[in-house]
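Single-structure report; data block below.
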Amino acid sequence: MPKNFVEELRWRGMIHDLTPGTEEQLNKEMTAAYVGIDPTADSLHIGHLVSIMMLKHFQLCGHKPIALIGGATGMIGDPSGKSQERNLLDESTLRHNQECLKKQLALFLDFESDASNKAELVNNYDWMKDYGFLAFIRDIGKHITVNYMMSKDSVKKRLSAESGSGMSFTEFTYQLVQGYDFLHLFQHHSCKLQMGGADQWGNITTGTELIRRKLGHENEAFALTCPLITKADGGKFGKTETGNVWLDPAKTTPYAFYQFWLNCSDEDAEKYIRIFTLLDRTTIESLIEAHRSEPHLRQLQKTLASEVTRMVHGEAELQKAEDASQILFGKGTTEMLRKLDEATLLSVFAGVPQSQISKEIFQAEKDIVELLTTHGGVFASKSEARRLMKENAVSVNKEKVSEQTRPDSQMLLNGKYVLVQKGKKHYHLLVVA
RNA sequence: GGGGGAGUACCAGAGCGGUCAAAUGGGGCAGACUGUAAAUCUGUUGGCGCAGCCUUCGGAGGUUCGAAUCCUUCCUCCCCCA
């Protein structure tokens, strides 16, 4: 094997736990491994990125990655964590999502080459949909005791009195269905390893256990988990005010995507750069060292943001995101904004929320609160607009405004744009047409 | 089948006839300080024509001058016994 996979993940801080013998197996021969992804949307978000990077490294180390779309399991809902009831996806949605996800996965994994370790995409709906209930409980359920299933943390937590939520039989069954996936892949794809987040440990080991009990002791399967990605301040990773950070540029603009990474705290950036970039160890270590001595340069965040953005959106989009960030957060002034030609302006603000407003309304409306709220949709309510203006948090074209400010045509950039800023980081472009 | 408990703002969780747009904590947002960081401090966190008014405390009715608080009923969830 060209590179030691476990060693690679280890220095990157991507190993939480692994079953004994995993490393030996991987050093012995090319091995197939899979991770599961719920096809609940037609795009991946950055919460999926860790799993994907695991597969990416896996492939780079000469092994064969399998991405499993959880069409069947996604309908059930994993009791680990506090998942809500899942909606059943109809088959056409499922297939649509699967296709979209595959395109995104192809940004990272090689599905096309002739190499023996090319990536594969499977969907457990394909082997679960016709599996009858009786057949399943007889063939599979027989091999796992309820006692074993009850001892899993995810189950214990839900059954404990404090949780106060109970657990349906459907959810209880989840680990068995996921365990069967592993068995199926083990038998039909020679897949010997399942990877996932630390919260998946219980589900994965149900699979290894099932394989051992059903197929006998000489059939050994392995588990490897990575730590759940956290933020130093305890918040949820990958969420912003507006929700998930998606890989699909239509859902999260490349600019917003770039900004997400740029805004990481120092502590998080040191962790994330190891996990989410492919930079090698010496590069990363020297970057971290440089950052610690001159933190204000934000070199670490900048590298992290550009590496990940390039990987997901490509060089051209990265350029635009960097330019936009430079203009919006550099020491920009009103004069500088006025100097931008229309094309530049539009490309800079491509990633910024925009709204349209008619010229007539703009000219007629003399109340800035009305203009920005009722017509412009910049604020959710007039109360909010007033409150923020009192707090000196609202700027138009980089200049603070108050409730008394009267809108006029002097505000227009290039005759038709108004740049509204809420606080330091939130921009909104009004297009007057 | 029997018994008990609970549903309050983004979440957790007080309130149990008026002084409640609803304590407190968390989260969010903003300001100061900075490095588009962290920590800290401060303000704010239903809406509006904003010293006033309107809509909110699972749903629908009712009692009352007045209800998140009392009654009826429906829905949902949890726990215990069988």
Of the listed nucleotides ([options]), which one gets closest to any side-chain atom of [X]?
{"X": "S265(A)", "options": "A30(B), U34(B), A38(B)", "value": "A38(B)"}
{"X": "S381(A)", "options": "G47(B), C29(B), C50(B)", "value": "G47(B)"}
{"X": "E391(A)", "options": "C33(B), G43(B), C29(B)", "value": "G43(B)"}
{"X": "R387(A)", "options": "G49(B), U44(B), A30(B)", "value": "U44(B)"}
{"X": "K425(A)", "options": "G31(B), U36(B), A38(B)", "value": "U36(B)"}

Name the nucleic acid region contacted by [X], choosing base, sugar-phosphate or nothing; use a 4.0 angstrom heavy-atom cut-off, strictly under.
{"X": "L262(A)", "answer": "base"}
{"X": "E267(A)", "answer": "nothing"}
{"X": "K390(A)", "answer": "nothing"}
{"X": "S383(A)", "answer": "base"}

Result for 5'-nearest mapping on RNA chain B, choosing between V394(A) and A380(A), is V394(A)
Which comes earlier along RNA chain B counting from the 5' end, the contact point of K231(A) or that of D266(A), where each point is its nearest nucleotide?
-> K231(A)
Distance check needed: [N] [atom2] versus [X] [atom1], whole Å only.
{"X": "H291(A)", "N": "A37(B)", "atom1": "NE2", "atom2": "P", "answer": "12 Å"}
{"X": "N263(A)", "N": "G28(B)", "atom1": "CG", "atom2": "P", "answer": "14 Å"}
{"X": "F379(A)", "N": "C29(B)", "atom1": "CZ", "atom2": "C1'", "answer": "12 Å"}

Stem list, RNA chain B (Watson-Crick or G-U pairing under 3.5 Å, at least 3 consecutive pairs) = B:1-7 with B:75-81, B:10-12 with B:24-26, B:27-32 with B:40-45, B:46-48 with B:52-54, B:58-62 with B:70-74
Should H426(A) be listed as having a side-chain N or O under 4.0 Å from OP1 or OP2 of A30(B)?
-> yes
Report the residue from K382(A), R387(A), K390(A) that forms a salt bridge (Lys or Arg N to Asp or Glu O under 4.0 Å) with E403(A).
-> K390(A)
Got a second to check how far L304(A)'s CG is from R274(A)'s CZ, nearest 0.5 Å?
->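 Nearest 0.5 Å value for the CG-CZ distance: 12.0 Å.
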Please list, by residue number, the residues of residues 296-311 of chain A whose heavy atoms come closer than 4.0 Å to an atom of RNA chain B; answer none if no residue qualifies.
-> H296(A), R298(A), Q301(A)
Evaluate the salt bridge (Lys or Arg N to Asp or Glu O under 4.0 Å) criterion for residues R95(A) and E91(A): first the C-alpha distance (whole Å), next the side-chain angles of each, then the deciding distance (0.1 Å), finally the verdict.
-> CA-CA 6 Å; R95(A) 293 300 174 200; E91(A) 182 151 2; 3.4 Å; yes
Report yes if some heavy atom in the side chain of E270(A) is under 4.5 Å from a heavy atom in the side chain of R292(A); otherwise report no.
->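 Yes - at least one pair of side-chain heavy atoms lies under 4.5 Å apart.
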